[in-house]
Amino acid sequence: MCAKATMEEFEAMLAESLEMDTPAEGSVVIGRVIAIEAGQAIIDVGYKMEGRVELKEFASPGEAPQVAVGDDVEVFLERVENARGEAVISREKARREAAWDRLEKAYADQDRVEGAIFGRVKGGFTVDLGGAVAFLPGSQVDVRPVRDAGPLMGLKQPFQILKMDRRRGNIVVSRRAILEESRAEQRAEVIAKLAEGQIADGVVKNITEYGAFVDLGGVDGLLHVTDMAWRRVNHPSEVVTIGETIKVQVIKINKETHRISLGIKQLQADPWDSVGQKYPLGSVHQGRVTNITDYGAFVELEAGVEGLVHVSEMSWTKKNVHPGKIVSTSQEVDVMVLEIDGDKRRVSLGLKQTLRNPWEVFAETHPAGTEIEGEIKNITEFGLFVGLEGDIDGMVHLSDISWDQRGEDAIQNFRKGDTVQAVVADVDVEKERISLSIKALENDSFSDAVEGVKRGSILTCTVSSIEEGGIEVEFNGMKSFIRRSDLALERADQRPERFQVGDKVDARVTSVDSKTRRIGLSIKAREIAEEKEAVEQYGSSDAGASLGDILGAALKDRS
């Protein structure tokens with residue numbers, strides 16, 4: 001009975017001893033290197049179990065294996081015994097398990113971890129974090145794109161864990177986060193030493209369309225293109241080059257964003273301080289066309305001082321032409337200062353003012369009455385436009401084309417491109433208008449014919465035509481029509497047929513209209529006037545004398 005109890009206790013103690021001494025598969029155990037042969041390390045993991053590990057598993061990427069006989073090392077026990085009776089162990093897996101434990105703690109504490117970039121993969125690089133492999137995206141290598149990552153390979157350096165998943169074996173790290181943090185600390189330190197208005201030396205690191213970034217010794221400042229020079233700068237490369245050391249002034253510092261604005265022109269005298277004295281109103285200066293727009297052209301008077309020549313001030317004669325048809329970029333031109341606004345830093349310039357007003361010149365050289373010759377440039381419903389000296393036009397109004405024809409009819413005799421002669425009628429310099437007259441080249445036949453003739457005058461005319469409604473008569477080359485009702489005082493005598501072509505008749509002038517160029521004549525009015533005159537001179541019918549007696553006496557007296 002006692003012997004049986006002792007045997008059971010021994011078996012229990014033996015089983016317990018086996019459980020305690022035999023490590024569990026899938027765990028990390030400590031073993032001792034007992035030999036190194038054939039590129040492998042033979043390791044005793046206890047319980048009279050030995051395993052083999054390739055020497056390369058004891059080396060970090062890019063380094064030689066570091067292991068020697070007698071070293072105690074951690075290995076991962078995958079299986080207690082294989083076909084050869086040996087334990088299946090792995091140094092790499094042991095390092096990975098230990099690394100994951102360490103990395104999970106660092107990730108939770110947001111601590112930096114040390115690693116080395118050892119390979120390149122799609123989209124980035126692989127990093128050894130002391131046994132665990134992490135992915136470093138290309139965008140997380142540096143604060144700026146890296147063209148050559150060669151110098152970074154194999155170099156031990158700190159990284160920040162961005163994301164990790166032990167179950168899937170994924171770790172994503174960033175080198176850029178470390179650099180930005182370090183850079184932020186450095187920026188804060190440098191910025192603390194800077195002050196607005198301070199002058200400093202810097203190195204041009206990068207050039208963009210809108211300016212240049214200048215390194216002030218650990219912190220970058222923006223030198224905007226508008227602060228590079230007082231003059232217009234089309235591109236920053238005109239002023240600075242990459243790698244150049246320049247002297248700048250700190251214009252503004254944003255303590256919150258750590259942005260620094262720099263300037264070069266602030267180190268030079270502002271040319272606008274003396275613009276009023278150097279460019280008085282009305283003075284003429286030579287400048288260079290720097291820019292052309294739809295509304296005018298900008299002309300540089302000196303570095304930093306530009307003025308605008310508005311399109312309306314570019315030419316006396318070219319009114320609706322694009323400025324680019326009048327001047328070209330970089331052209332040297334003479335301009336007159338029209339207005340200066342120092343507060344807005346604006347100068348209004350005039351191009352046409354440097355040349356004489358062509359209407360003034362024309363008025364001086366072609367006073368009213370001067371005959372001219374020119375080409376018809378345009379024909380409108382109200383007249384002809386004729387090209388004149390000085391690239392200006394004069395207009396012949398419809399009413400100034402012909403003495404005898406209506407304007408609407410007379411204008412049909414002309415075509416665009418015809419050369420015509422005319423007389424200067426009037427020049428209005430202020431309104432830039434020149435009035436011409438073609439009909440003034442000839443004498444006015446109507447005015448000549450009616451010279452000295454007024455209403456009530458008696459004219460002797462020659463009958464030129466007999467018509468049903470009256471007769472046409474002619475005098476001094478002018479024609480007029482006497483209506484049937486005006487042919488005689490007596491109704492019975494108001495017959496056109498009693499006259500013959502060539503007959504001489506006396507008629508009284510009833511109207512003279514220069515605008516319509518017509519003269520009114522009446523035989524009836526002449527007879528009435530004669531009767532009245534006879535009555536007043538030779539008596540009254542009321543006194544007993546008959547009208548026939550009175551008229552007879554008047555006729556006898558005349559004879």
Side-chain angles (χ1 to χ4, degrees), residues 226-234 238 265-368 370 372 377 385 387-395 424-436:
T226 57
D227 288 310
M228 288 186 168
W230 291 108
R231 64 177 176 85
R232 179 192 295 270
V233 177
N234 295 317
E238 296 176 10
K265 73 179 186 181
Q266 287 77 6
L267 300 176
Q268 305 163 358
D270 186 352
W272 277 88
D273 293 341
S274 58
V275 164
Q277 293 76 29
K278 294 179 67 175
Y279 305 100
L281 300 183
S283 59
V284 177
H285 305 270
Q286 189 177 72
R288 181 176 62 88
V289 178
T290 57
N291 193 26
I292 297 175
T293 68
D294 290 338
Y295 53 85
F298 288 91
V299 176
E300 184 182 62
L301 299 176
E302 65 172 88
V305 180
E306 272 187 349
L308 172 66
V309 180
H310 193 267
V311 64
S312 62
E313 306 295 347
M314 302 197 82
S315 172
W316 289 109
T317 56
K318 298 174 182 177
K319 302 297 184 183
N320 299 311
V321 177
H322 190 275
K325 296 285 181 74
I326 301 174
V327 296
S328 57
T329 305
S330 298
Q331 180 183 350
E332 298 287 338
V333 293
D334 288 332
V335 290
M336 178 180 286
V337 179
L338 304 180
E339 185 181 351
I340 295 177
D341 188 333
D343 295 333
K344 295 182 179 180
R345 303 171 76 89
R346 292 178 182 173
V347 179
S348 296
L349 303 173
L351 188 64
K352 69 182 184 181
Q353 287 80 359
T354 61
L355 304 172
R356 287 203 63 193
N357 184 334
W359 281 273
E360 287 183 357
V361 175
F362 188 87
E364 292 175 5
T365 56
H366 298 79
T370 305
I372 60 93
K377 298 294 186 181
F385 285 89
L388 303 173
E389 296 177 11
D391 199 24
I392 58 179
D393 291 343
M395 191 188 79
V424 178
D426 181 59
V427 180
D428 190 329
V429 175
E430 186 175 343
K431 294 182 179 180
E432 299 181 348
R433 291 177 184 172
I434 298 175
S435 298
L436 304 175

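This structure is a prediction, so every number in the text was calculated from the model and none was measured.
Summarising the geometry, atom CZ belonging to R346 is positioned 13.5 Å from atom CG belonging to L349; distances are rounded to the nearest 0.5 Å. Here the CG atom belonging to L301 is positioned 10.5 Å from the CD atom belonging to Q286, to the nearest 0.5 angstrom. Within the model, atoms CD1 of I340 and CG of L281 stand 5.5 Å from one another, a figure rounded to the nearest 0.5 Å. For the atom pair L355 CG and M336 CE, the distance stands at 9.5 Å (nearest 0.5 Å). With rounding to the nearest 0.5 angstrom, the NZ atom of K325 is 12.0 Å from the CG atom of N320. The distance from the NE2 atom of H322 to the CE atom of M314 is 9.5 Å, given to the nearest 0.5 Å.
For E332, the CD atom counts as densely surrounded, since its 6.0 Å shell holds more than 12 non-hydrogen atoms of other residues, nucleotides or ligands. K431 NZ: 12 or fewer foreign heavy atoms inside a 6.0 Å radius. Shown here is R356, whose CZ atom has more than 12 heavy atoms of other residues, nucleotides or ligands within 6.0 Å.
Minimum heavy-atom separation, V427 to A363: CG1-CB, 3.7 Å. For the pair A297 and V327, the tightest heavy-atom approach, listed with the atom from each and the gap, is CB-CG2, 4.0 Å. The two residues V305 and P271 have their closest heavy-atom pair at CG2-CB, 3.7 Å. Listed here is the closest heavy atom pair of E300 and G304: OE2-N, 4.2 Å. Of all the heavy atoms in D334 and T354, the pair that sits closest is O-CG2, 3.4 Å. When every heavy atom of A368 is checked against every heavy atom of A425, the shortest pair comes out as CB-O, 3.7 Å.
The closest donor-acceptor contact from the side chain of W316 to the backbone of G390 lies at 3.5 Å or more, if one exists at all. At distances below 3.5 Å, at least one donor-acceptor pair connects side-chain atoms of Q331 with backbone N or O atoms of S328. A donor-acceptor pair under 3.5 Å is absent between the side-chain atoms of W230 and the main chain of E302, judged by distance alone. Side chain of K265 to main chain of T226: a donor-acceptor pair is present (N/O by atom type, distance under 3.5 Å, no hydrogens or angles).
In this structure, F298 and Y295 have perpendicular ring planes: the angle between them is above 60°, well past the 30° mark.
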Going through the distances and angles, do F362 and L388 end up as a side-chain contact (heavy atoms from CB on, under 4.5 Å)? CA-CA 9 Å; F362 188 87; L388 303 173; 3.7 Å; yes
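Put simply, the side chain of H310 does not reach to within 4.5 Å of the side chain of L338, judged on heavy atoms. Looking at L436 and V424, their side chains come closer than 4.5 Å, going by heavy atoms from C-beta outward. In this structure, E313 and Q353 have side chains that are in contact, with non-hydrogen atoms separated by less than 4.5 Å. Counting only heavy atoms from C-beta outward, the side chains of T317 and P358 approach each other to under 4.5 Å. Side-chain contact between I326 and L351 is present, with at least one heavy-atom pair separated by less than 4.5 Å.
Of the charged side-chain nitrogens involved, at least one lies within less than 4.0 Å of a carboxylate oxygen, so that E306 and R232 count as a salt-bridged pair.
Just one of I434, I372, V361 meets the side chain to side chain contact (heavy atoms under 4.5 Å, CB included) condition when paired with H366; it is I372.
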